[in-house]
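Everything below concerns the one structure shown next.
Position 1 is the first residue of the sequence; numbering continues from there. Just so you know, these numbers use all the heavy atoms, side chains as well, and skip hydrogens, waters and symmetry mates.
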Amino acid sequence: MKYWIERWSELRKKELIPYPDIFTIHDVYKTICTQEELKSGLKELHEIFHALYEDILNSPADMLLPIYDMNEYGYFSREARTSRDESYKYAKIFYVLGYSGELKRNGELLIQADKFKEQCKIMKITNAGAFLNKLGNYGIIIDGLVGEKIKGNSVITVSYPDNKNVMAILYDLAVKSNNTGRFKDFCRLNYKLLENDWDTADHGNGVDAVCDLFHSQRDRITAQSIHEELIRRNYCYNFQDWNEGPQIRYYKKESDRDRNTNADFWLTSMDTEFIFYFRIKKMDKVIEYINNCPQSVIDNFSASDKGCENRISGKCTSGISYRLGGRTIWRCGCCNPNFQVTPTPDDYLYYINAVETAGNKKK
């Protein structure tokens with residue numbers, strides 16, 4: 001992987017949410033298509049999105065996306081940020097097509113060109129005609145363009161002859177996402193958008209906001225169990241969003257949650273992988289407990305890290321050092337909580353208990 005656009009487009013592909021064999025589709029979406037037809041359209045739309053991201057990874061310049069070398073431009077550079085935004089470009093095109101159009105019973109979307117251009121401007125999509133032409137490589141037919149130009153006061157017709165249900169599901173997901181402010185759910189083709197009516201979105205208000213991105217059923221079960229356990233122990237929480245994915249942070253005090261400080265636990269999707277962060281400030285009270293934990297837990301507490309620049313410069317005030325198994329362990333805590341693991345259904349309670357045994361002060 002050489003370019004930033006490849007790094008972020010790969011993540012966009014991984015974030016596509018797999019759909020189960022059986023899921024709820026509200027009756028309001030069945031006025032044109034049956035439930036099975038909508039599922040058929042969703043399956044094919046997933047395949048189209050996967051193919052788009054594969055082509056971006058193989059040849060980003062041919063897909064009209066910027067190519068900034070990762071070795072030349074750092075993570076926080078303008079070029080890296082631009083690439084991150086541009087990784088949503090094709091999803092944005094589909095999004096605007098879907099919610100701007102009028103769906104016909106033959107599976108065509110009819111879109112007023114002026115409305116499309118206006119919405120592209122809002123979504124910061126430039127050179128939209130060129131991107132629309134690219135969709136022809138994926139079986140989508142666009143009528144109404146003159147070369148790469150979108151003529152004003154005209155109508156754009158969008159269709160997918162291989163399966164008319166693709167346009168129906170595109171319309172349903174885009175309109176529902178636009179109505180409820182769920183753009184990222186659209187980008188991820190989240191089937192849960194179809195559970196409620198056009199203006200209601202009940203999903204994503206709990207642990208599913210994070211764990212729906214996990215590809216492992218075991219990780220989803222573990223995350224759900226952790227969330228339920230922390231709520232049972234009276235932790236409060238809020239939602240955060242990193243470039244690499246969403247997270248939930250858990251606090252003992254509502255005042256800490258409101259100030260977004262002193263979170264004891266972070267339940268995180270890191271590039272769709274499950275990481276459970278937790279903070280222990282002093283290890284002296286918890287070493288005995290750890291020594292009586294399963295070996296997998298002991299091993300995670302026995303892993304040392306190098307620390308960040310603050311440790312090298314001697315200015316670190318957040319890292320901790322302790323002895324375990326005859327070794328000195330260092331855990332950095334400057335940027336993130338000082339422990340991070342991928343727990344299992346069998347061992348997640350030990351990490352929660354370790355934090356509470358350590359007795360982090362609630363100031």
Side-chain angles (χ1 to χ4, degrees), residues 12-55 88-112 115-116 119-120 123 125 131-132 134-143 155-204 208 212-213:
R12 301 289 89 82
K13 183 178 74 168
K14 291 166 66 177
E15 287 180 335
L16 292 171
I17 293 177
Y19 50 91
D21 292 334
I22 300 175
F23 59 91
T24 300
I25 297 179
H26 196 281
D27 287 343
V28 298
Y29 307 108
K30 301 175 188 176
T31 57
I32 292 182
C33 296
T34 67
Q35 180 149 333
E36 289 307 312
E37 287 172 335
L38 289 172
K39 288 181 180 178
S40 167
L42 180 60
K43 178 178 183 294
E44 196 130 10
L45 191 58
H46 262 269
E47 292 172 357
I48 293 169
F49 272 48
H50 272 281
L52 274 165
Y53 288 123
E54 280 296 318
D55 287 344
Y88 287 107
K89 178 60 73 68
Y90 283 95
K92 286 182 178 181
I93 289 287
F94 276 108
Y95 184 55
V96 174
L97 287 174
Y99 75 72
S100 299
E102 178 186 357
L103 180 65
K104 296 300 183 180
R105 287 194 172 274
N106 64 358
E108 292 182 344
L109 276 172
L110 302 186
I111 305 164
Q112 297 297 321
K115 180 178 181 180
F116 180 74
Q119 295 304 310
C120 283
M123 294 296 293
I125 301 171
F131 288 97
L132 289 177
K134 280 290 181 182
L135 298 186
N137 296 336
Y138 307 93
I140 295 171
I141 306 301
I142 310 286
D143 290 326
V155 175
I156 300 170
T157 303
V158 185
S159 61
Y160 188 78
D162 291 346
N163 184 347
K164 71 174 186 177
N165 304 312
V166 168
M167 289 297 108
I169 196 69
L170 172 62
Y171 174 85
D172 290 346
L173 293 175
V175 172
K176 174 60 176 289
S177 300
N178 190 49
N179 287 353
T180 55
R182 297 295 189 101
F183 171 65
K184 284 193 175 180
D185 274 340
F186 174 82
C187 295
R188 295 163 180 165
L189 298 182
N190 192 341
Y191 66 93
K192 290 184 177 180
L193 286 164
L194 304 174
E195 291 179 344
N196 305 110
D197 63 30
W198 292 109
D199 300 306
T200 307
D202 289 338
H203 67 280
D208 61 323
D212 278 355
L213 293 176

Does the side chain of Tyr29 come within less than 4.5 Å of Ile169's, by heavy atoms? no

Tyr99 versus Gln119: any side-chain heavy-atom pair under 4.5 Å? yes

With no hydrogens and no angle check, is any side-chain donor or acceptor of Asn179 less than 3.5 Å from a backbone partner on Trp198? yes

To the nearest 0.5 Å, what is the distance between CG (Leu110) and NZ (Lys104)? 5.5 Å

Interatomic distance, OG@Ser100 vs CD@Gln112, rounded to 0.5 Å, equals 10.5 Å

With rounding to the nearest 0.5 Å, note down the distance linking CD in Glu15 to CG in Asn190. 11.5 Å

Set out, in order, the CA-CA distance, both residues' side-chain angles and the distance that settles salt bridge (Lys or Arg N to Asp or Glu O under 4.0 Å) for Asp55 and Lys134, then state yes or no. CA-CA 11 Å; Asp55 287 344; Lys134 280 290 181 182; over 6 Å; no

Please confirm whether the backbone N or O of Lys164 pairs with a side-chain atom of Glu108, one donor and one acceptor, at under 3.5 Å? no

CD1 of Ile156 to CG of Leu97: how many Å apart, nearest 0.5 Å? 7.5 Å

Between the side chains of Asp185 and His203, is a donor N or O closer than 3.5 angstrom to an acceptor N or O? yes

Drop me the distance from Leu189's CG to Lys43's NZ, to the nearest 0.5 angstrom. 13.5 Å

Test Cys187 against Tyr88 for side-chain contact (heavy atoms from CB on, under 4.5 Å), laying out the working first. CA-CA 8 Å; Cys187 295; Tyr88 287 107; 3.6 Å; yes

Which is it for Lys92 and Phe131 under the side-chain contact (heavy atoms from CB on, under 4.5 Å) test, yes or no, and what are the steps along the way? CA-CA 10 Å; Lys92 286 182 178 181; Phe131 288 97; over 6 Å; no

Is the shortest side-chain heavy-atom distance between Leu173 and Leu45 below 4.5 Å? yes

Just wondering, do Leu170 and Val158 contact through their side chains at under 4.5 Å, heavy atoms? no

Report yes if the side chains of Leu38 and Leu194 come closer than 4.5 Å at any heavy-atom pair, otherwise no. no

Answer yes or no: is there a donor N or O on one side and an acceptor on the other, between the side chain of Lys30 and the main chain of Ile25, under 3.5 Å? yes

Run the side chain to side chain donor-acceptor pair (under 3.5 Å) test against Asp197 and tell me which residues pass, sequence neighbours left out. Thr200

By salt bridge (charged side-chain N to carboxylate O under 4.0 Å, His left out), which residues pair with Lys176, not counting sequence neighbours? none

Would you mind reporting whether Lys39 and Phe23 have side-chain heavy atoms less than 4.5 Å apart? yes

Decide if the gap between the ring center of Phe49 and the ring center of Phe94 is smaller than 6.0 angstrom. yes

Closest heavy-atom pair, Tyr160 versus Gly139, reported as atoms and distance to 0.1 Å, is CD1-O, 3.3 Å

Using a 4.5 Å cut-off on heavy atoms from C-beta on, say whether the side chain of Leu213 contacts that of Arg188. yes

Could you give the distance from CG (Leu132) to CD1 (Ile141), rounded to the nearest 0.5 Å? 12.5 Å

